[in-house]
Amino acid sequence: MSRKIGTAAYARSLGPRKAVAQQSKPRRKPAAQKAPARRKKSTESPAPAMIRPPPPGEGKRGEHGYLAYLLRQAQAATRLAMERALADLGATPPQFVVLTMLRAYPGLSGADLARVAMLTPQTVGVIIRNLERDGAIKKTPHPIHGRVLQWTVTRRGAALLDRCRRHAQVIERRLTAGLSTKAQTMIRRWLAKIAADL
């Protein structure tokens, strides 16, 4: 049966040095429980809830929006619809634009195409190379300026353009749905005026 050893007996059992060291150690006081820190009342207003932008056609993306933004939004939506429509034909909207301009104004140079198609010369250079590789366009030297190359649409390119136009006309009908002929004329004039003035 175990028995408890008294403090003096315990000190003797440790020997003289250990007993002195043991007696010199201060007794640890139980750690006082720290009072929970009071949270300072914040004078700042709470973070605002996340506001989700409205879908196209509503709020600032609707008739209350800035004209420049609405034009960009409409152009982006039209381009996406055109990309999807032409993807089945293996064509892109910029290629469609270049073919359209070459049929309307045959003999344009690469620099002329970049201006009327509103694309960079580098982009037009890539488009021209791809269309020429596919046999959709051909080059001829300028009759006066021999270094300048003129581009024209081939029979194969004309067939591709006609297929692209059929897809584009579907989107065109969606754009003009609900608009009278007079309203369409006004919108065309307004858009053309913006491009001319700016």
Can you list everything that forms a salt bridge (Lys or Arg N to Asp or Glu O under 4.0 Å) with Lys193? Sequence neighbours excluded, please. Asp197

Under the rule for salt bridge (Lys or Arg N to Asp or Glu O under 4.0 Å), what residues qualify as partners of Lys139, not counting sequence neighbours? Glu132

According to side-chain contact (heavy atoms from CB on, under 4.5 Å), who are the partners of [X], at least two apart in sequence or on a separate chain?
| X | answer |
| --- | --- |
| Asp134 | none |
| Gln169 | Arg173 |
| Ile127 | Pro94, Gln95, Val98, Leu119, Thr123, Leu131 |
| Ala158 | Arg103, Val153 |

Between Glu172 and Arg188, does at least one N-O distance fall below 4.0 Å, as a salt bridge requires? yes

Taking all heavy atoms of [X] and all of [Y], pick out the closest pair and write down the distance.
| X | Y | result |
| --- | --- | --- |
| Pro56 | Arg61 | CG-NH2, 3.5 Å |
| Leu70 | Gly65 | CD1-O, 3.9 Å |
| Gln184 | Leu179 | NE2-O, 3.3 Å |
| Pro106 | Thr152 | CB-CG2, 4.2 Å |
| Val124 | Gly110 | CG1-O, 3.7 Å |
| Leu108 | Met101 | CD1-O, 4.0 Å |

Are Trp190 and Leu198 in one and the same hydrophobic cluster, where Ile, Leu, Val, Met, Phe, Trp and Tyr link if side-chain heavy atoms are under 4.5 Å apart? yes

Report yes or no: does Thr154 contribute a side-chain atom to a donor-acceptor pair with the main-chain N or O of Gly135 at less than 3.5 Å? yes

As an exercise, state the distance from [atom1] of [X] to [atom2] of [Y], rounded to the nearest 0.5 Å.
| X | Y | atom1 | atom2 | answer |
| --- | --- | --- | --- | --- |
| Gln150 | Leu102 | CD | CG | 10.5 Å |
| Ser109 | Arg115 | OG | CZ | 6.0 Å |
| Asp162 | Arg165 | CG | CZ | 7.0 Å |
| Ile171 | Arg174 | CD1 | CZ | 7.0 Å |
| Leu175 | Ile187 | CG | CD1 | 9.5 Å |
| Leu89 | Leu161 | CG | CG | 11.0 Å |

Residue pair Arg79 / Met82, side-chain heavy-atom distance below 4.5 Å: no

Walk me through whether Trp151 and Ile128 qualify under side chain to side chain contact (heavy atoms under 4.5 Å, CB included). CA-CA 9 Å; Trp151 295 95; Ile128 285 173; 3.2 Å; yes

Check step by step if side chain to side chain contact (heavy atoms under 4.5 Å, CB included) holds for Gln75 and Thr78. CA-CA 5 Å; Gln75 192 273 340; Thr78 305; 5.7 Å; no

